[in-house]
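Step one of this worksheet: look at the structure below.
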There are 2 protein chains.
Amino acid sequence: MGVLTKIREAKTEPKVTLPVGQILDGDCVEAMRSLPDASVDLVFADPPYNLQLGGDLNRPDGSHVDAVTNDWDKFDSFAIYDQFTRDWLTEARRVLKPDGALWVIGSYHNIYRVGAILQDLGFWLLNDIVWRKSNPMPNFRGTRFTNAHETLLWASMGEKARYHFNYTAMKTLNDELQMRSDWVIPICNGGERLKRDGHKVHPTQKPEALLYRVLLATTDKNDIVLDPFFGTGTTGAVAKRLGRQWIGCERDGSYRDAAWERIESALPLDESALATMQSRKSAPRVAFGSLVEAGMIAPGTELFDKKRQYSAKVRADGSLESGTEKGSIHGVGKVLQGAPSCNGWTFWHLEHEGATKPLDALRQTYLLSIED
Amino acid sequence: MGVLTKIREAKTEPKVTLPVGQILDGDCVEAMRSLPDASVDLVFADPPYNLQLGGDLNRPDGSHVDAVTNDWDKFDSFAIYDQFTRDWLTEARRVLKPDGALWVIGSYHNIYRVGAILQDLGFWLLNDIVWRKSNPMPNFRGTRFTNAHETLLWASMGEKARYHFNYTAMKTLNDELQMRSDWVIPICNGGERLKRDGHKVHPTQKPEALLYRVLLATTDKNDIVLDPFFGTGTTGAVAKRLGRQWIGCERDGSYRDAAWERIESALPLDESALATMQSRKSAPRVAFGSLVEAGMIAPGTELFDKKRQYSAKVRADGSLESGTEKGSIHGVGKVLQGAPSCNGWTFWHLEHEGATKPLDALRQTYLLSIED
DNA sequence: GAGGACACTGAATCGGTAT
DNA sequence: CATACCGATTCAGTGTCCT
């Protein structure tokens, strides 16, 4: 590649060339120093998360979890991580045009530090976006909530700065509803996941659908996108597909090689690719506990079947209790009847507003209340 | 109300009384100073977000920042907010027990500052939780993504600190799937929304379903919950319903009045409704040898895994023997598989009354037989 | 080929108690 | 303080192999 693009700086500065379509070798702060002021439209950054993992972790079946143990994710303290963050954000700010914008992705380990520093440097937060993973890794030890999301920050250059937002494109992508700040996107696996000798090339490759939405929302055709932590080049591949120009920084040669191979084989956008990016809507699953939480069914409520042969009492966590039997609405119904299975939603009834109703009626009401 | 609960501090300190079931008047930092060290189990905090709203700038204590004489800018406002955050978090940390925990809710305006300061003070993030609003306010001007979520941080007192998590109750509440870090809960409106003369009493009243999940997940019955920004008392109302003790701080008299009225009309749950599914962790421990002693398993019985790849013989003392390998049900299973660990109760099976059963089934039978 | 059983995997801050 | 030992714990998806 190596296409050099001429840009004209503000006022009457001499023309400068930008290394568009190139992966700059080396530390991203050093690499960005070679770029002129106010020259790129968007920065997308996926910095190390500073995970601070302890010992090994095994799944309940005894298999080993292949965690992120790379040296590039190790920092000795928050202070050192903060300095690293200030350094690259400062340089990113310098190369951004006044109406440019910045995206950073992170997890709870690092994103609060990044967000605060970003604000301290004068960036202006426009949204925080939640990437809700449809298939996250479970919490194998049952010690916390399943960590099922990551966070993206989108910021302009300052409170009064202008920025680009393709409102209509987002609304179209979201079935004519305003795009929300929570995005449901699967993690990167299957054919999209880059592998070498059967092993993943990069431990934290991001899904292209995520970059697709970011670039479609906040850049225009031919805009220049800089990714200081290029990795295996997801940003470059999607930029090429969407007709955006890109610059990457990456110090790991094997990542750069994989990125080149990938970007060269990336095809410019066609309609079929667009279709696969559309979010598919499916009916939300409702847990019985949600109805209890929402106050639609009080703990202590008596449930019974249509013939009033059986009864059970609702408990605080959404489980049922009937004699010595305890469990879910389905499980308790099944055991009481001695049946092979039971749909608790249709089996159990309650007195509601003077009438006898199956639980399913309340589920419908709840679904309406949480509809977008 | 005004029930005073006696607590005993660590070591041999004199007994101290806690203002349980009370709303402390005044600034929360001052109010918390009246509480003893290490005395509460949980802090839930919904601090003011009032940053960057344009126009007038108020300090979190309500005093007005004079734009002309103070020559404030966003850096000043962040610095003021940071100091306020450090102050109340420090005091909250002091009154928390060593195995207590803290929750804070916020939006992108303030949560990155809160999160970073929390980490700086030594709190250890356990999860960040996304409250995904099912019915958020749209972005009327079409300039950004619809801001459809808020963020909650859950933190323990430190990296090595213990904390409470009712894993099984959460799993039950979510229809037998692990509870994830993204929670879909409607915003507070309808009958739950407190109104006076047709206007909402508090601008940011939180839904009770949110507090319900927080308290059910991370407190036990009778635990003491402190809310430094009590507002109209959602925390107190849900705590009362769930049989938790509460303390509030609120400087606004009209909010305190509304909170009192609301909490007094809240109905506590009865004992059986309050019950939740208990994890097996809390069941009394049974030694495998006890089953042999009790005659439920005869020495010499052949055990095998589900696939019948391995087998072992039970010995008189409740140990297993397989080839040259001898030891506990866990130890032998672990060595045979070459696994990092093994739960012998679920790994080993035997023929019992014509069927193949895991040892765990016999443990359950034994547990029932020794119940009082 | 279709379908079922099974294996494998993903940015993970993933024990508690007794000695 | 470390060490030993007990024993609790997973969801969605892809790929492979076998029937």
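Residue numbers begin at 1 in each chain, while the letters A, B, ... track the order of the sequences.
- Of all nucleotides listed (C/dA12, C/dA11, D/dA12), C/dA11 comes nearest to the side chain of A/E150.
- Between B/Y112 and A/Y112, the two ring planes are parallel [angle under 30°; tilted spans 30° to 60°].
- DNA chain C is contacted by both A/N50 and A/S63; A/S63 maps to the nucleotide lying nearer its 5′ end (nearest heavy atom per residue).
- Base contact: A/D73 has a heavy atom under 4.0 Å from a base atom.
- Counting only Watson-Crick and G-U wobble pairs whose two distances sit under 3.5 Å, DNA chain D takes part in these stems of three or more pairs: C:2-10 with D:11-19, C:15-19 with D:2-6.
- In this structure, A/W72 has its ring center closer than 6.0 angstrom to the ring center of A/H202.
- Among the atoms of the strands shown, none is found under 4.0 Å from any heavy atom of A/P186.
- Annotation: proximity of residues 310-334 of chain B to DNA chain C (heavy atom, distance under 4.0 Å) is found for no residue.
- Taking the centre of each ring, A/F75 and A/F84 come in below the 6.0 Å mark.
- Closest to the side chain of B/K307, out of C/dA7, C/dA12, D/dT9, is C/dA7.
- Nucleic acid contact for B/R363: sugar-phosphate only, since backbone atoms but no base atoms lie under 4.0 Å from a heavy atom of the residue.
- Using a 4.0 Å heavy-atom cutoff across all strands shown, A/P207 reaches no nucleic acid atom at all.
- A/R59 contributes a side-chain N or O that forms a donor-acceptor pair with the base of C/dG10 under 3.5 Å.
- C/dG10 sits 22 Å from D/dA8 when the C1' atoms are compared, rounded to a whole Å.
- Checking C/dT13, D/dT14, C/dG16 against every side-chain atom of A/N189, the shortest atom distance belongs to D/dT14.
- On the C1' atoms, C/dA11 is 31 Å away from D/dC6, given to the nearest whole Å.
- Aromatic rings of B/W348 and B/Y310 (six-membered ring for Trp) have centroids beyond the 6.0 Å cut-off, not under it.
- For the contact set between residues 115-123 of chain B and DNA chain C, defined by any heavy atom under 4.0 Å, there are no members.
- Other residues, nucleotides and ligands place more than 12 heavy atoms under 6.0 Å from the NZ atom of A/K326.
- One can place CG of A/D66 at 9 Å from C1' of C/dG10, the figure rounded to the nearest angstrom.
- Between A/F288 and A/W345, the ring-plane angle classifies as perpendicular under the 30° and 60° cut-offs.
- Nearest-nucleotide mapping onto DNA chain D: of A/G190 and B/W345, the residue sitting toward the 5' end is B/W345.
- With hydrogens and angles ignored, no donor-acceptor pair under 3.5 angstrom links the side chain of A/S107 to the base of C/dA12.
- C/dT19 sits 14 Å from D/dG7 when the P atoms are compared, rounded to a whole Å.
- With C/dC14, C/dA12, C/dA11 as the choices, the nucleotide that has an atom nearest any side-chain atom of A/D46 turns out to be C/dA11.
- Using a 4.0 Å heavy-atom distance criterion, B/K160 is classed as making no nucleic acid contact.
- When rounded to the nearest whole Å, the span between CD of A/Q205 and P of C/dA11 equals 9 Å.
- Rounded to whole Å, the separation between the P atoms of D/dT16 and C/dG1 comes to 16 Å.
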**Study point:** Stepwise side chain to side chain donor-acceptor pair (under 3.5 Å) test for A/R262 and A/T234
**Key:** CA-CA 9 Å; A/R262 172 185 191 181; A/T234 306; 3.1 Å; yes
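- Aromatic ring centres of B/Y163 and B/W124 lie farther apart than the 6.0 Å criterion allows.
- Note on B/C342: a base of the nucleic acid sits closer than 4.0 angstrom, heavy atoms only.
- Judged purely by distance below 3.5 Å, without hydrogens or angles, the side chains of A/D87 and A/Q83 pair a donor atom with an acceptor atom.
- Not a single donor-acceptor pair, N or O on each side, falls under 3.5 Å between the base of D/dT10 and the side chain of A/R141.
- Remark: side-chain polar atoms of B/T219 are paired, donor with acceptor, to backbone N or O of B/L215 under 3.5 angstrom.
- C/dT13 has its base stacked against the ring of B/W124, the centroids being under 5.5 angstrom apart at an interplanar angle below 30°.
- Taking a 6.0 Å sphere around CZ of A/R251, one finds it holds 12 or fewer heavy atoms contributed by other residues, nucleotides or ligands.
- Within 4.0 Å (heavy atoms only), B/R280 reaches sugar-phosphate atoms of the nucleic acid but no base atom.
- Atom CG in A/L53 sits about 7 Å away from atom P in C/dC14, given to the nearest Å.
- A donor-acceptor contact under 3.5 angstrom links the side chains of A/H149 and B/D128, judged on distance only.
- Using a 4.0 Å heavy-atom cutoff across all strands shown, A/N147 reaches sugar-phosphate atoms only and no base atom.
- Between the NE2 atom of A/H202 and the P atom of C/dA11 there is a distance of 11 Å, given to the nearest Å.
- Rounding to whole angstrom units, CG of residue A/L51 and C1' of C/dA12 are separated by 7 Å.
- If you check D/dC11, D/dG7, C/dA7 against the side chain of B/N343, the one that comes closest is D/dG7.
- B/W183 and B/W103 have tilted rings, their planes meeting at an angle from 30° to 60° on a 0 to 90° scale.
- Base engagement by B/S341 is indicated by at least one non-hydrogen atom pair under 4.0 Å involving a base atom.
- One C1' atom belongs to D/dT9, the other to C/dA12, and the distance between them is 14 Å to the nearest Å.
- Minimum atom distance to the side chain of A/Q52 is reached by C/dT13, of the listed D/dT10, C/dT13, C/dT17.
- A/A155 and A/L118 make their closest contact through CB-CD2, 3.6 Å (heavy atoms, listed as atom of the first residue, atom of the second, distance).
- Anti is the conformation of D/dT9, whose glycosidic angle sits further than 90° from 0.
- Counting distance only, with no hydrogens placed and no angle test, the side-chain atoms of A/K133 and the base atoms of D/dA12 include no donor-acceptor pair under 3.5 Å.
- Each of D/dC11, C/dG10, C/dT13 was ranked by its minimum atom distance to the side chain of B/L177; first place goes to D/dC11.
- At a threshold of 4.0 angstrom between heavy atoms, the contacts of A/G55 include nucleobase atoms, whether or not backbone atoms are also involved.
- The nearest pair of heavy atoms linking A/Y255 to A/P203 is OH-CD, 3.7 Å.
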